[in-house]
Every structure is written in C-alpha cells, then in structure tokens.
Amino acid sequence: MMKVLPNILFLIFFLLAIRFFVRNVRKIAANIHLGRPVNRFENTNKRWANMARVALGQSKMVKRPIAGILHVIVYIGFVLINIELIEIIVDGLLGTHRIFAPYLGGLYNLLTGSFEILALLVLFAVVVFWLRRNAIRVDRFRKAEMKGWPKWDADLILYFEILLMGLFLSMNATDSLLQQQGAESYMQAGYFPVSQYLTPLFSDFSLPTLIVLERSFWWAHIIGIFIFLNYLYYSKHLHILLAFPNTFFANLRPKGAFANNVTVTQEVQMMMNPEADPNVSTSDPTEEEPDTFGAADVTDLSWIQLMNAYTCTECGRCTSVCPANQTGKKLSPRKIMMDTRDRLTEVGIHLENKEKKEVSDGKKLLDNYITREELWACTSCNACTEACPVDIDPLSIIMDMRQYLVMEESAAPSDLNAMMSNIENNGAPWPFNNQDRLLWAQEN
Amino acid sequence: MKVPTLAEMTARGEKPEILFWVGCAGSFDDRAKKITKAFVKLLNKAKVSFAVLGTEESCTGDPAKRAGNEFLYQMQALGNIEVLNGYEVTKIVTTCPHCFNTIKNEYPELGGSYQVMHHTQLLKRLVEEERLQIEGGSFRGKRITFHDPCYLGRANGVYEAPRTLISKLDAELVEMRNCKSKGLCCGAGGAQMFKEPEQGIKDINIERTEQALEVTPDIIAAACPFCNTMMTDGVKNKEKEAVLPVKDIAELIAEAEEL
C-alpha cells in the first residue's frame with residue numbers, strides 16, 4: 001500500500017489539474033459564446049495557412065527582433081520540454097522512473113540533452129524579459145493600464161517559468177548524482193550538459209538526502225506545471241493556447257474593409273424600397289428583442305472580438321504604434337482588449353450567480369470601462385492590427401462602439417454631427433453645394 | 001480644362017475606358033483640386049479615355065462609417081452604387097485612398113463590384129505600358145520622402161506603386177523611420193479630419209512631420225488629399241513651408257512633364 005501511495009497521490013493531483021482546467025476552458029467557451037454570431041469558417045485552407053504562419057511560425061512576433069527571437073526560444077522550449085512532460089506523467093502514474101529511457105536508447109540522451117540546453121536558453125530569455133520589464137523599463141510595459149494586477153501577472157509568469165526551469169535542472173542534477181552513486185532504481189539514463197554544472201551544489205549530500213531532494217524537485221516541478229496550467233485562466237497568459245484559434249479565425253480581408261452592419265442594411269433597404277412590406281420584420285415585436293446598433297457591452301460584440309480579448313497577452317505592441325497613444329491621448333488599443341476581457345469575465349460571473357437569468361448588473365463596457373474620449377481618439381489607421389503578433393483586432397471594437405454612440409445615443413462630437421449633416425444634405429462632408437462639384441474643371 | 005461627364009459620354013453613345021472618381025476633397029478643397037487637375041492632365045497626356053460623374057457623384061460615406069454612422073454610410077453607398085451600376089461602370093480610378101478603399105472593399109457587400117485603382121497604381125501601369133513617359137527633369141537628385149496613406153498602405157497593401165513613380169523622377173527616395181506597413185498616420189483618418197483632436201501632448205500631424213524632417217527631404221510626397229492637408233499644416237507649424245513643399249505624386253509627375 002505504502003508503495004503505491006505516491007502513484008495514487010499523483011493520480012489525484014493529475015485528475016484535479018485536468019478537472020479544473022476543463023472547468024476553466026468551459027467557462028471561457030461559454031463566455032465567448034455570449035458574443036454575436038459571425039461566420040469565420042469560409043476559406044479554411046487560407047485560415048490554416050495563416051495559423052501556421054502567424055501562430056506556429058511566429059511571423060509577426062519576429063518583426064521586433066529582440067523580443068521576437070527571445071520569444072521564439074521560450075516558445076520552442078515550452079513546446080519541446082513538454083515532450084518530457086509525457087514521460088513525467090507516465091512515470092508518476094505507473095511509479096516508474098525515466099520509463100522511456102530503455103526504449104529510446106541513444107535518442108533518449110539526445111532528447112534529455114536538448115531539453116537541458118533549451119531550459120538554459122529559456123532561463124536566459126526569461127531573465128532578459130524580466131530585465132526589460134523591471135530594469136530597462138521598456139515604455140510599453142509601463143503604460144497606465146499596466147499598473148497593479150497586470151504588472152504582477154506579467155512578473156508572476158516570469159517567476160513561474162524561472163522556478164519551473166530551475167526545478168527541472170535541479171531534478172536532473174540530483175538524478176545524475178544518484179545515477180553515478182548507483183542508487184537503486186536510478187538507472188544510467190540521459191545526458192545532462194547543463195545540470196552537470198549544478199551537481200557540485202548537491203555533491204556533499206548523503207544518498208538518502210539526495211533521493212529526498214530529487215523526489216522533491218520532481219514533485220515540485222510537476223505540481224508547478226499543474227498549477228501554472230490552471231493559472232492561465234486568471235492571467236494574460238492564455239495566448240499560449242488561444243493564439244492558434246485566434247489566428248485561424250482572424251480577419252483575412254484587406255484591413256481597410258470594415259464589417260458591413262447587416263442590421264442597418266435591412267433597415268436601409270426597407271426605407272429605400274417603398275414596396276417592401278413594413279410588417280414583415282415587425283410582425284411581432286415581442287418575438288425577438290430588437291438588435292442594438294453597434295456595441296455598448298460585451299454581449300453586443302462578436303464572438304471573435306471576445307476571443308480576441310482572451311487571447312491578448314498585453315504585450316502592448318498595438319499601443320506602442322498607436323498614433324493617438326504616441327501623442328498622449330487616452331486611447332490605448334491594449335486597454336480596449338483588457339477592458340473587454342475584464343468586463344466579459346464580470347458578465348460571466350454575474351450570469352453564473354443569476355443562474356443564467358439575464359438580469360443586468362447595471363454596468364456596461366461603454367463608460368464603466370471604456371470612455372468616449374478613448375473611442376473618439378482613434379484614427380482607424382490599422383497600426384494596432386498590423387502590429388498584433390496574434391491578429392487581434394481592437395479597431396473593430398472601437399468602430400462598433402462608435403456605432404452605438406452615434407446610432408443609439410446620437411452622441412457624436414458636435415464637429416462630426418456637422419460633417420454628417422453635410423453629407424446628408426449636400427453629399428459632401430463640407431457645406432458645399434453638390435451642383436458645384438465640377439467647378440474645378442473650369443478653374444485654372 | 002475639358003472634363004467629360006459620364007452622362008455626356010453616354011448620351012453620345014460613348015463609353016470611357018475608366019471612371020475617374022474625384023471625391024469630395026478633390027472636388028471642393030482648394031488644395032486637393034490642384035491634385036485633381038494634375039491627374040487629369042496626366043490622363044489626357046496618356047490619352048486615357050475617362051469620364052467623371054460630376055454632380056451625380058456623392059460622398060462615398062467613408063467618414064460617416066468611420067464616425068459610427070453606418071446608416072448614413074449605407075444610404076450614401078446604395079445611392080452611389082445605383083448610379084454606378086446604372087452606367088454599367090466596371091473600372092474606377094480615384095486620387096483619394098479613402099474613396100478607393102470604400103468602393104473597392106466595402107461596396108461589394110452592398111451590390112457594387114468594380115475594378116478600383118488608386119491613381120498611383122494607374123499611373124504606374126500607364127508608365128509600364130509606355131503610354132506615359134516620365135522624365136526626371138527638375139526632380140533629378142532631389143530628396144523625396146513618401147508618406148504612406150493608411151488607407152492605401154496598411155489597409156490595402158499598396159506600398160510600391162507610389163515609390164516606383166518617385167524613382168522614375170530620378171529622385172532620391174528617402175524613407176522615414178516609420179514607413180510602409182509601419183507608416184505613422186497623418187492624424188486625419190477615422191473621421192478625425194472633421195473634428196478637433198482629443199486632449200494630448202502633441203497633434204499627430206506634428207509628430208509625423210517631425211519624422212519627415214528627420215530625413216531632411218526636399219519634398220514630402222503624399223498620395224491622399226487628407227494626408228496632404230495634414231502634412232502641409234505640419235510643415236507650416238514648423239515654419240518650413242517656404243523650403244519644404246508637400247506634393248501629391250500626380251502633381252510631381254505633372255510638374256516634371258511641365259504640364
């Protein structure tokens with residue numbers, strides 16, 4: 001019984017980690033489903049290609065070479081070291097030790113050796129990331145929206161990664177010492193080009209102490225990973241999973257093609273076509289709640305926009321290239337995404353508590369999170385969407401919210417109202433007579 | 001200047017090669033009208049048969065849509081599409097990247113599908129087809145920096161056509177630190193042209209003008225009437241208007257050809 005106790009414990013931890021992770025994924029999926037429908041399933045070949053290029057291939061990430069290459073290191077390290085995780089989980093469940101070693105032979109040494117080198121590179125990259133945030137203080141990590149929890153979150157993720165890599169290498173160092181000393185069940189396996197330099201730290205310990213240390217590192221490492229997996233839900237780090245669907249479902253049309261508001265098209269066509277039966281769509285006004293024009297809250301946004309919000313990892317490349325932000329305006333595209341996510345989380349919790357009965361909590365994305373001043377500062381230049389390494393579209397949210405302000409609240413700045421009434425009355429944004437459109441041809 | 005309207009041509013039973021969509025700025029704004037005229041001179045020189053809509057043209061709706069008034073935008077769009085489809089228009093060229101983008105990308109969903117070109121694209125093609133020759137002339141060796149309009153560049157991926165034309169002038173193309181897909185907005189897009197900017201530390205056009213001044217150009221080249229206004233204002237703010245002209249690509253070529 002005592003012999004299988006660790007295996008049972010491991011199974012419990014493993015199942016708990018999976019259980020909470022599944023619960024978190026379900027919550028995120030449910031929240032994303034609060035968004036309006038939009039079809040992004042056409043052109044699947046192009047979509048796979050976009051995902052392969054942008055998410056898998058990190059093509060937009062490396063446009064800023066320093067952060068980009070360091071990120072590629074962490075990304076490759078993360079993906080490859082996870083191969084080792086399979087062995088760790090199998091060992092944990094079966095009570096074995098390095099179960100793949102006998103089957104893989106020389107390849108096993110190559111793998112463990114590569115993992116160690118990757119772990120070292122990841123450590124290096126993560127330390128540089130920490131320095132960029134805390135010592136060099138790169139401007140985009142210090143904007144207003146990064147105060148408080150977002151700053152903590154970012155640093156915490158880095159500490160987590162340092163800890164996990166440290167535990168991984170310490171585990172290997174003690175393991176190799178135990179192998180050298182011929183400890184029972186520590187067979188000769190693996191190649192340790194990095195952790196061999198850590199062995200002097202542990203060489204004075206007795207064999208039983210070494211076993212305790214090795215086991216502690218092993219357990220701390222895997223439990224750390226289980227915790228990290230479930231920390232994702234509470235952090236900005238979800239991009240490691242959502243970058244893939246987010247780039248798959250990304251907008252593939254030219255960036256200048258803004259979405260056509262179909263609700264408006266129906267109304268306009270009815271107005272312009274006197275023969276259309278006005279009763280068709282209004283036969284039973286209680287049947288369906290009339291659609292709002294534009295977006296005042298997260299439930300007015302599309303599921304793509306909501307997935308965008310969960311995908312955002314707050315790197316701030318969008319904000320650093322935003323002309324409004326660069327010139328000191330309040331608008332920050334990153335904040336638009338962070339606000340959308342925060343509000344969506346709030347709405348999700350609210351709906352859960354109300355047992356799915358949609359009773360408003362009296363708050364909205366507009367005004368309670370995103371101010372009008374931010375929305376009106378946008379030049380729609382698409383610098384933010386171009387810069388985003390995972391194809392997030394903050395601009396579409398800004399445009400949808402402007403639609404709400406103008407079409408539901410008539411709350412445009414007065415200059416814009418003047419421009420719009422000019423278009424309405426004389427077909428140009430300035431007060432000129434449309435009959436004078438060709439006067440230029442007669443001038444010199 | 002002889003500018004036929006599509007109505008006149010249709011009445012004569014003629015069909016132009018291409019419709020020139022002049023746009024509101026090109027029709028009414030004093031500075032932009034010069035661009036319009038320069039472009040017409042080039043079309044005439046290249047013997048392109050073209051027509052304009054004249055009083056039948058109306059705002060594409062771009063500023064209304066970007067300001068959030070989808071209603072007004074769609075009313076404008078449907079009105080314009082009715083006119084364009086009525087004349088069975090297939091090819092359109094415009095000197096305004098905003099008109100270009102809206103007609104090319106946003107009209108199809110409302111029933112208006114046309115082949116749309118920005119004037120720099122058409123001019124490049126005319127040069128390639130040897131219908132238009134460009135001599136460097138007065139611009140030989142001049143330092144010209146090109147400001148990418150957002151709605152031409154990032155929005156539609158057109159970066160090379162204007163640059164190819166500048167190189168035909170035998171001028172030295174000098175790039176600002178933010179150019180092409182990283183180009184900095186002039187500050188006019190998204191209906192900002194028609195309102196005061198929000199509170200900040202600087203106006204966007206000043207920031208962009210400073211970037212241009214960094215590369216000490218002799219000329220700032222633009223390809224959008226709104227960018228042109230914003231950059232001209234920026235240069236005036238820096239009191240450089242006497243030495244640093246802001247010119248549309250069409251104006252530069254027309255000038256080189258002494259049209």
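A, B, ... follow the sequence lines: proteins, then strands. Residue 1 opens every chain.
Interface remark: of the candidates A:Ala387, A:Ser380, A:Cys322, A:Ser380 forms the most heavy-atom pairs closer than 4.5 Å to chain B. By number of non-hydrogen pairs under 4.5 angstrom with chain B, the leading residue of A:Ser414, A:Ala383, A:Pro413 is A:Ala383.
Heavy atoms of A:Ala259 lying under 4.5 Å from chain B belong exclusively to its backbone. Within the 4.5 angstrom heavy-atom criterion, atoms from both the backbone and the side chain of B:Asn69 approach chain A. When heavy atoms are compared at a cutoff of 4.5 Å, B:Thr5 approaches chain A solely by way of its side chain, counted from C-beta outward. Only the side chain of A:Met419 comes within contact range of chain B, with heavy atoms under 4.5 Å apart. Interface residue A:Ala377: backbone and side-chain heavy atoms are both found under 4.5 Å from chain B. Heavy atoms of A:Leu405 lying under 4.5 Å from chain B are absent altogether. Contacts between A:Glu374 and chain B at a heavy-atom distance below 4.5 Å are absent for every atom of the residue. Interface residue A:Pro323: backbone and side-chain heavy atoms are both found under 4.5 Å from chain B. For B:Ile204, the parts sitting under 4.5 Å from any heavy atom of chain A are the backbone and the side chain alike. Of the atoms belonging to A:Glu373, heavy atoms from both backbone and side chain fall under 4.5 Å from chain B. In this structure, chain B has no heavy atom under 4.5 Å from any part of A:Tyr404. With a threshold of 4.5 angstrom between heavy atoms, A:Asn325 does not approach chain B through any atom at all. Heavy-atom distances place the side chain of A:Trp430, and not its backbone, under 4.5 Å from chain B.
The shortest distance between side-chain heavy atoms of A:Glu424 and B:Met75 does not fall below 4.5 Å. Residues A:Ile423 and B:Pro63 are in side-chain contact: their nearest non-hydrogen atoms beyond the backbone lie under 4.5 Å apart. Between A:Val264 and B:Tyr73 there is no side-chain heavy-atom pair separated by less than 4.5 Å. Two residues are said to be in side-chain contact when any heavy atoms from C-beta on lie closer than 4.5 Å; B:Leu184 and A:Gln326 meet this criterion.
Under the 3.5 Å distance criterion, the side-chain polar atoms of A:Glu386 are left unmatched by any main-chain donor or acceptor of B:Lys182. Within the 3.5 Å criterion, the main-chain N or O of A:Asn261 finds a donor-acceptor partner in the side chain of B:Gln74. In this structure, B:Lys195 contributes its side chain and A:Trp376 its backbone to a donor-acceptor pair below 3.5 Å. Counting only distance, with no hydrogens or angles, the side chain of B:Asn105 and the backbone of A:Gly256 share no donor-acceptor pair below 3.5 Å. Counting only distance, with no hydrogens or angles, the side chain of B:Arg154 and the backbone of A:Lys255 share no donor-acceptor pair below 3.5 Å.
Nearest heavy-atom pair across B:Gly54 and A:Leu438 is CA-CD2, 4.2 Å. The shortest non-hydrogen separation linking B:Ala67 to A:Val406 is O-CG2, 3.1 Å.
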Kindly indicate, with the supporting measurements, whether the criterion side-chain contact (heavy atoms from CB on, under 4.5 Å) is fulfilled by A:Asn260 and B:Glu70. CA-CA 8 Å; A:Asn260 188 60; B:Glu70 183 78 6; 3.7 Å; yes

Steps toward side-chain contact (heavy atoms from CB on, under 4.5 Å) verdict (B:Phe194, A:Asp415): CA-CA 6 Å; B:Phe194 308 99; A:Asp415 291 344; 5.7 Å; no

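A salt bridge links B:Glu57 with A:Arg437: the distance from a Lys NZ or Arg NE/NH1/NH2 to an Asp or Glu carboxylate oxygen falls below 4.0 Å.
Between the OG1 atom in A:Thr327 and the CD atom in B:Gln199 there is a gap of 11.0 Å [rounded to 0.5 Å]. Atoms CG and OG, from A:Asn434 and B:Ser58 in turn, are 5.5 Å apart once rounded to the nearest 0.5 Å.
For B:Phe28, the ring pair (Phe, Tyr, Trp, His ring centres under 6.0 Å) criterion is met by A:Phe432, not counting sequence neighbours.
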Pairs under 3.5 angstrom only: tabulate donor-acceptor contacts from the side chains of residues 231-238 of chain B to other protein residues two or more places apart or in another chain.
residue	atom	partner	partner atom	Å
B:Thr232	OG1	B:Asn228	O	2.6
B:Thr232	OG1	B:Asn228	OD1	3.2
B:Lys238	NZ	B:Glu210	OE2	2.7

